[in-house]
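Residue numbering restarts at 1 for every chain, and letters A, B, ... go by the order of the sequence lines. Only this structure's heavy atoms are used, side chains among them; waters, hydrogens and symmetry mates stay out.
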Amino acid sequence: MAYEAKWAKLWREAKVFEADPIKGKPKFFVCVPYSYQNGPLHLGHAFTFTRGDSYARFRRMQGFNVLFPWSWHWTGEAVAGTSERLKRGDPAIVRLLRDIDKVPEELIPRFTDPAFICKYYTTENKKVVDAMGFSVDWRREFYTTNLHPYYSKFINWQYLKLREKGFVSKGEHPVVWCPNCQSATGDHDRLIGEGIVPEEYTLVFFKCDDFYLAAGTLRPETIFGATNVWLNPDAEYVLIEYDDKKVLVSKRAAEKLLEQKHAINIIKSINAKDLIGKKCKAPITGVELPILPANFVDPDVVSGVVYSVPAHAPYDYVALLELQRSANMNAELLRVLNPISIISVPGYGDFPAIEIVKRMGISSQNDERLDEATKEIYTKEFHEGVMKDNCGEYSGLPVRVARDAIKTRLISTGLGDVMYDLSAKVICRCGTECLVKIVKDQWFLTYSNPEWKEKVKLHIMRMGIFPEEARQWFLNVVDWLRDWACTRKTGLGTPLPWDSSWIVETLSDSTIYPALYTISKYMNNGTVKPEQLTSEVFDYVFLGVGDLITISKKTNIPEKVLKDMRDEFLYWYPVDCRISAKELVPNHLTFYIFQHVALFDENLWPRCVSVNGMITIEGEKMSKSKGNMIPIKTALAKYGADATRCTLLLAAEDMDDPDWRDKNAQEVRRMLDLLLKIVDEVSSSELETNENRLDRWLISRMFKRVKSVTDAMESLKTRTACHEALYGMYNDWKWYARRRKKLSRSALRFLDTWIRLLAPFAPFTAEEAWSKLGREGFASLAKWPDYRVEEVDELAEAAEDLLAKLLRDIREIVEVVGGKPSKVHVYVSSKWKLDVLSIILNFDLKEIMRNPSAAIKESLKNFPEKKKEMPTFVKKLIEHVSTFPSETPKKVLLELASQEKGIYEEAKSFLESEIGCPFYIWIEDEQGIYDPSGKSKQALPLRPGIFVEMNR
RNA sequence: GCCGGGGUACCCGAGCCUGGUCAAGGGGGUGGGCUUAAGACCCACUGGCGUAGGCCAUCCUGGGUUCGAAUCCCAGCCCCGGCACCA
């Protein structure tokens, strides 16, 4: 759109969105999360950003001094990954860059430098942000990582503070690990196994000779039901030195355990067949169990050793059956191998595993349905199972309680341990199979800290959260959050201030940066140099700690500048509203609250968060791999910024996912063009100066729209707001223009307000219309219209409703009868019916709807001569009255009814042109009335009788 | 599995909290108007039946509460999203 570029330029030249503190003027700080610069901005970004910008514009027009800043996220490993893949010559990445992201061919070789990638996209994307009309104060722009030194200084300060306050700790944790790449393998780095996370198993040690068999299980409580230990006779086993014990596990398990913190030495290989038939001793119970062969035991899963609980584990039971069928089992062993029932669970007898195996007709260890059976029993017993009397001190405990207690006891007595493994195969992009590694010396943000959690939860309960449903989600996330590993070894970012072998992780460096916006312009314009930004400076600016004069001397920052930065921070902070997609609720947005709570005074904690859904394209999830990713740039070229913005806003509200449809965008484009046309038409036509009821109607409707748009925006209902501003106003306009052949000056007033209401959503079109209308200044800076209740005219509105209803009724009659109408007779009800209406309106409507007898009695008192027809008439009238909106005042209904004939008379020519034949307006009982079909008797107040003469 | 959000007409979607104004609004389709024509725009219709403005059906399914249920309660079915070292 040509006019969009024009207005973008004018805004820039007039610096309309640059915001500085103004004493006494209320401020409003709106922000959206910065986006990661590994690709072009797409419609998903655009949705959140447009909501943010529209809200910022709305507040600005309301008279707030609004700060809406922008910056770019460079921290992370993904960009580095792209570079690596490019260096390796991965053809897929070249295709992606060239075909999907439209990177110019000649620049692609330079993408081997991660910093170049970020710079490239930042430059591209900044153009897009401007073209979308986002009302950004660019003087405050920054990007992350140590490539932008003052950002790193800010991160340094933040982490030193967090550590000082005890919110950072050192520890270890399990990750999915690629032994080839020597790094953690996140979901997006995997060829196979998306969503697979390290699972915690319990190793249970069974003593055998001078070593232990380490059986892995998810269900340590079943140790009471163990009947034997299974080994796979064909698998490779090894004896290892495991801490201070000798332990037998599969060869593969030994490799896995090597990554899991233990001192491990392989002593020798063991042939499982040599152990079959031997005995071992179970921990806790001390029972002697035989070691038996089972081919379902997978040496690649956990330890490759399994103990058997045939009563409660379908696999074990089926393996047992098969063993018993095979000939060479001796009778003594079989005797021992009776299933032992240890858990009672509703819906099952003593042996759930046996029941389910029989029910499903499973007879082989290789039957795939065993997984299903296992899962069912596992779930059922975990949630509803209770330990039976034969479980020692654990008898009577729910399974879920007993499980943890037994695990703890096994570990503390040295007869068990924790082992991590993956529930399914994970293959790294490099093709190597991953395993679980316990990363040592990892730094954590201690989100598990109960006091910290509590403070965060209290704040979440108090702050503004839109939509309201998201509040509970936030609270649940806080409960669920564990310590967060906040450092990485690779990728772009800021080195951890006290240990530069680590880089602050991407989500962890993106928490309180809105604070930086309040002062970044001082760095951007060179007033303050990065190296001057010592911790004392940040302490002073953000926390008000330290002595101004001393710090100024130390850092060479003039006192006034320091003071200004402090004042400016205090002016803008806290953030009044942060707008984001809902996917950030379980991480970024919650971290954002945590970190503010940890570092700042309570009055500087975030005031409000609004979350929205995630985009789909023509009903499909948007993704690069699907090839349906739409860059903002593409939408801009097709529909322009305003149509793109409105199409997105109109697509969804609250946490619903917006669906982008090209058809909708085309339609919105037409609507915006139509608006400009209407403005042209009105400004070039002669307007009547006298005003009538229709003008009052228009203005009344207009103010109701003002109210609904304002209310919707106040609660971040951007879809409703945009819809009302665009289509709500348009519908009113259509009726007005149709009814009033000659427009009056109220048309101007209406357009003036329409443009203002639209300005947050379609700012370019609003500016264009504003200037076409001859208004001075920018629509973006125009005053937001106030709702004026005194301009609401319920009577005028009800009168138009009456006419619309009359037209509908006549059309329906014509439709049913068929043919073309030649004359329409309208009969307004007689005086006494009006009086009955007035009587009825004295009653509580709900009351007489239930039981009309009181109203009937009262009416009869006044009109005893109508004894016969009164009961039916009153009931009919009550029913009719109830179809009017309940908020219509009774006074208005009565007044309207008394003016009914006049309303039809006044609109006669309109009615005639709508239906296409002459109208005759009568009163039901007047002299000389033309009423061949007796339709006048049907007249009710506010519902005239109608007689349509038809042409054959 | 856990947590969160949903299921409304041909499609998209409001209404649900606070029961009766009710099945909004937009798209698509059909018919008509305007126009030299096309487009744009305007109007009507778009579940069924109906020779008078009406009647009946309908808001995932099945029960219940109520004079009255898309809305409140109970049970069930189905869909989508998040689930940790990843932006």
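Side-chain contact annotation: A:D509 with A:Y159, donor-acceptor N/O pair under 3.5 Å absent. Defined by atom type and a distance below 3.5 Å, a donor-acceptor pair is present between the side-chain atoms of A:S508 and A:W484. Side-chain atoms of A:D657 and A:T616 include no donor-acceptor pair closer than 3.5 Å. Using modelled atom types and a 3.5 Å distance limit, the side chains of A:H588 and A:E583 yield no donor-acceptor pair.
Within the nucleic acid shown, A:L507 comes within 4.0 Å of at least one base atom, counting heavy atoms only. Among the heavy atoms of the strands lying under 4.0 Å from A:A184 are primed sugar atoms or P, OP1, OP2 only; no base atom is included. Within the nucleic acid shown, A:G945 comes within 4.0 Å of at least one base atom, counting heavy atoms only. Among the atoms of the strands shown, none is found under 4.0 Å from any heavy atom of A:V585. Using a 4.0 Å heavy-atom criterion, one finds that A:D483 contacts the bases of the nucleic acid, with or without backbone contacts as well. Counting any heavy atom pair closer than 4.0 Å across all strands shown, A:P821 reaches no nucleic acid atom. Here A:D673 lies out of heavy-atom contact (under 4.0 Å) with every strand. Across all strands, A:E667 comes closer than 4.0 Å only to sugar-phosphate atoms, never to a base (heavy-atom distances). Residue contacts shown for A:H588 are absent, as no nucleic acid heavy atom lies under 4.0 Å away. Base contact: A:L481 has a heavy atom under 4.0 Å from a base atom. Residue A:V816 is in base contact, counting any heavy-atom pair closer than 4.0 Å across all strands shown.
With A:F910 as the aromatic partner, A:R739 meets the cation-pi criteria of under 6.0 angstrom to the ring centre and within 45 degrees of the ring axis.
As rounded to whole Å, 15 Å separates atom P of B:A87 from atom NE2 of A:H42. Taking atom CZ of A:F474 as the reference point, atom P of B:G5 lies 13 Å away to the nearest angstrom.
In terms of phosphate contacts, A:R943 brings a side-chain nitrogen or oxygen within less than 4.0 Å of OP1 or OP2 of B:G54. In terms of phosphate contacts, A:K621 brings a side-chain nitrogen or oxygen within less than 4.0 Å of OP1 or OP2 of B:G81. At the phosphate of B:A52, neither OP1 nor OP2 sits under 4.0 Å from any side-chain N or O atom of A:R808.
With B:G53, B:G27, B:A87 as the candidates, the nucleotide lying closest to the side chain of A:E505 is B:A87. Comparing B:A84, B:G25, B:A87 against the side chain of A:W484 picks out B:A84 as the nearest. With B:G53, B:A87, B:G5 as the choices, the nucleotide that has an atom nearest any side-chain atom of A:E77 turns out to be B:A87. In the set B:C43, B:G25, B:A87, the nucleotide with an atom closest to the side chain of A:N731 is B:G25. Comparing B:A84, B:G53, B:A44 by their closest approach to the side chain of A:R811 singles out B:A44. Taking the side chain of A:Y36 as heavy atoms from C-beta on, and the options B:G27, B:G6, B:A87, the nearest nucleotide is B:A87.
Side-chain atoms of A:N587 and base atoms of B:A87 include a donor and an acceptor less than 3.5 Å apart.
Nearest heavy atom pair, residue A:L650 against residue A:R719, reads O-NH1, 2.5 Å. Between A:E653 and A:T720, the closest heavy-atom pair is OE1-N, 2.6 Å.
A residue-by-residue look at A:A651 and A:N38 shows that A:A651 has its nearest nucleotide of RNA chain B further toward the 5' end. Of the residues near RNA chain B, A:K677 and A:Y727, the one whose nearest nucleotide (by heavy atom distance) lies more toward the 5' end is A:Y727.
A gap of 40 Å separates the C1' atoms of B:U18 and B:A84, to the nearest Å. When the C1' atom is compared between B:G15 and B:U71, the two are found 8 Å apart, to the nearest whole Å. Distance check on atom P: B:C34 versus B:G39 gives 16 Å, rounded to whole Å. Of the C1' atoms belonging to B:G1 and B:G63, the separation is 29 Å, rounded to the nearest Å. Across the C1' atoms, B:G82 and B:A44 are found 47 Å apart, a figure rounded to whole Å. Spacing of C1' atoms, B:U21 relative to B:G4, comes out at 34 Å, to the nearest Å. For B:G68 and B:C79, the P atoms lie 35 Å apart once the distance is rounded to whole Å.
In this pair, A:Y447 and A:F594 present their aromatic rings tilted. The plane angle is within the 30 to 60° band.
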Kindly give the atom pairs (protein nitrogen or oxygen, nucleotide nitrogen or oxygen) under 3.5 Å for nucleotides 15-24 of chain B.
unit_1, atom_1, unit_2, atom_2, d
B:U21, O2', A:T883, O, 2.4

Between protein and nucleotides 1-3 of chain B, what N or O pairs are separated by less than 3.5 Å?
unit_1, atom_1, unit_2, atom_2, d
B:C3, O3', A:N476, ND2, 2.9
B:C3, O2', A:N476, ND2, 3.3

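A salt bridge links A:E724 with A:R705: at least one charged nitrogen is closer than 4.0 Å to a carboxylate oxygen. By the 4.0 Å N-to-carboxylate-O rule, A:E259 lies close enough to A:K437 to be salt-bridged with it. Look at A:D479 and A:K457 and you find a salt bridge, because one of the NZ, NE, NH1 or NH2 atoms lies within 4.0 Å of a carboxylate O, short of that distance.
For A:F843, the ring-ring contact (aromatic ring centres under 6.0 Å, His included) criterion is met by no residue, not counting sequence neighbours.
Here A:Y447 does not pack flat against the base of B:A84, since the 5.5 angstrom centre distance and 30 degree tilt limits are not both met.
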